[in-house]
Number of protein chains: 2
Amino acid sequence: MEKEVQTNTHELDEETLFVVSQTFKALGDPTRIRILNLLCCEEYSVNDIAEALNLGQSTVSHQLRFLKNLRLVKFRREGTTLYYSSDDDHIMNLLHQAIDHAKH
Amino acid sequence: MEKEVQTNTHELDEETLFVVSQTFKALGDPTRIRILNLLCCEEYSVNDIAEALNLGQSTVSHQLRFLKNLRLVKFRREGTTLYYSSDDDHIMNLLHQAIDHAKH
DNA sequence: TGTATATATGAACATATCATCATATATTGG
DNA sequence: CCAATATATGATGATATGTTCATATATACA
């Protein structure tokens, strides 16, 4: 797998720019970072997320919808309970790189 | 049924959370992405950035201040001209990972 | 059925963000 | 000093964002 080298004279196309900025926007909010970080290794129900992070149920639900739209999380139903988990290893990897970087 | 509140073993400390979210916020705007992408391999003056990306001088200056505050860019003076360049290889690496990811 | 539980949704509000405009500052050369 | 050039700054306004509240939906089960 070789990588394309992008020269400075070549602008990013509209679509790439949009996807990249949307993705980083998703990671640019403390609440979403906490949720994603929690879902890193384990699935959680909405209420469990709310309880673990001390957030309102509605807040968590709204943010999960945001993350789900970007396909950063997925869910699985069990009765009335929805178990959410991370769904984009690459982006989760970016997040953890940034966390490691920030800690040093 | 109440559950034990999980001790925040996996929780991020306030400072890390702030730094990470700030960093991703910086990368979450198309204009800043374009600027950083331009500064990837080469230094540019403010006016050259504005011209290359078709942006207003003031817009570029404001965004450069933002990026400078986060130490993502640095500058060097030559007369009245300020040459900006990227100053955080790790974050630039994250950006390019995301760009590559978005392109596929 | 009907109630309880889990989650989603929409409206409303406060705040943050970004581009633009006008102007200020700083450096150089005459 | 003054003019020209490059950049920075502050104010403004439009739009985006995030949380909260109230309510709706969906599922399970008696």
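Labels below follow one simple rule: chain letters A, B, ... track the order of the sequence lines, proteins then strands, and each chain is numbered from 1.
Taking all atoms of both residues into account, the shortest heavy-atom contact from B:Tyr84 to B:Val46 is CE1-CG2, 3.6 Å. Considering every non-hydrogen atom in both A:Ile49 and A:Tyr44, the closest pair reads CG1-CB, 3.5 Å.
Atom CG of A:Asp48 and atom C1' of C:dA6 are 11 Å apart (whole Å). The distance between atom CD of A:Glu51 and atom C1' of C:dT7, rounded to the nearest whole Å, is 15 Å. At whole-Å resolution of the value, CD in A:Glu43 and P in C:dT7 are 12 Å apart. Rounded to whole Å, the distance from CG on B:Leu55 to P on C:dA19 is 7 Å. Taking atom CD1 on B:Ile49 and atom P on D:dA8, their separation rounds to 9 Å, with Å as the unit. Distance A:Asp29 CG to C:dT15 P: 17 Å, rounded to the nearest Å. Atoms CD1 (B:Ile33) and P (C:dT17) sit 16 Å apart, rounded to a whole Å. The distance from atom CG of A:Leu82 to atom C1' of C:dT5 is 12 Å, rounded to the nearest whole Å.
When distances run from any side-chain atom of B:Arg77 to the nucleotides D:dA8, C:dA8, C:dA26, the shortest one goes to C:dA26. Ranking C:dA22, D:dT7, D:dT5 by closeness to the B:Gln57 side chain, first place goes to D:dT7. Considering only side-chain atoms of B:Thr80, the nucleotide from C:dA22, D:dA6, C:dG10 that sits closest is D:dA6.
Contact check of residues 59-76 of chain B against DNA chain C (heavy atom, cut-off under 4.0 Å) returns B:Thr59, B:His62, B:Gln63. Contacts with DNA chain D (heavy atom under 4.0 Å) in residues 18-27 of chain B: none are found.
In this structure, CG in A:Leu39 is found 7.0 Å from CG in A:Leu64, a value given to the nearest 0.5 Å. Put simply, CZ on A:Arg32 and CG on A:Leu27 are 8.5 Å apart, with the number rounded to the nearest 0.5 Å. Rounding to the nearest 0.5 angstrom, the gap separating the CG atom in B:Asp100 from the NZ atom in B:Lys103 is 6.5 Å.
Side-chain atoms of A:Ser58 and base atoms of C:dT9 include a donor and an acceptor less than 3.5 Å apart.
OP1 or OP2 of D:dT19 has at least one side-chain nitrogen or oxygen of A:Thr31 nearer than 4.0 Å. Between A:Asn47 and C:dT5 there is no side-chain polar atom (N or O) within less than 4.0 angstrom of OP1 or OP2.
Residue B:Gly79 is in sugar-phosphate contact alone, with no base atom involved, counting any heavy-atom pair closer than 4.0 Å across all strands shown. Using a 4.0 Å heavy-atom distance criterion, A:Tyr84 is classed as a sugar-phosphate-only contact.
Counting heavy-atom neighbours within 6.0 Å of B:Asp13 CG, excluding the residue itself, gives a total above 12. The 12-atom threshold is not exceeded at CZ of A:Arg71, counting heavy atoms of other residues, nucleotides or ligands nearer than 6.0 Å. Residue A:Gln22 places its CD atom among more than 12 non-hydrogen atoms of other residues, nucleotides or ligands, all under 6.0 Å distant.
The backbone N or O of B:Leu17 lies less than 3.5 Å from a partner atom in the side chain of B:Ser21, making a donor-acceptor pair.
Seen from the ring of B:Tyr83, B:Arg77 does not count as a face-on cation partner, given the 6.0 Å and 45° thresholds.
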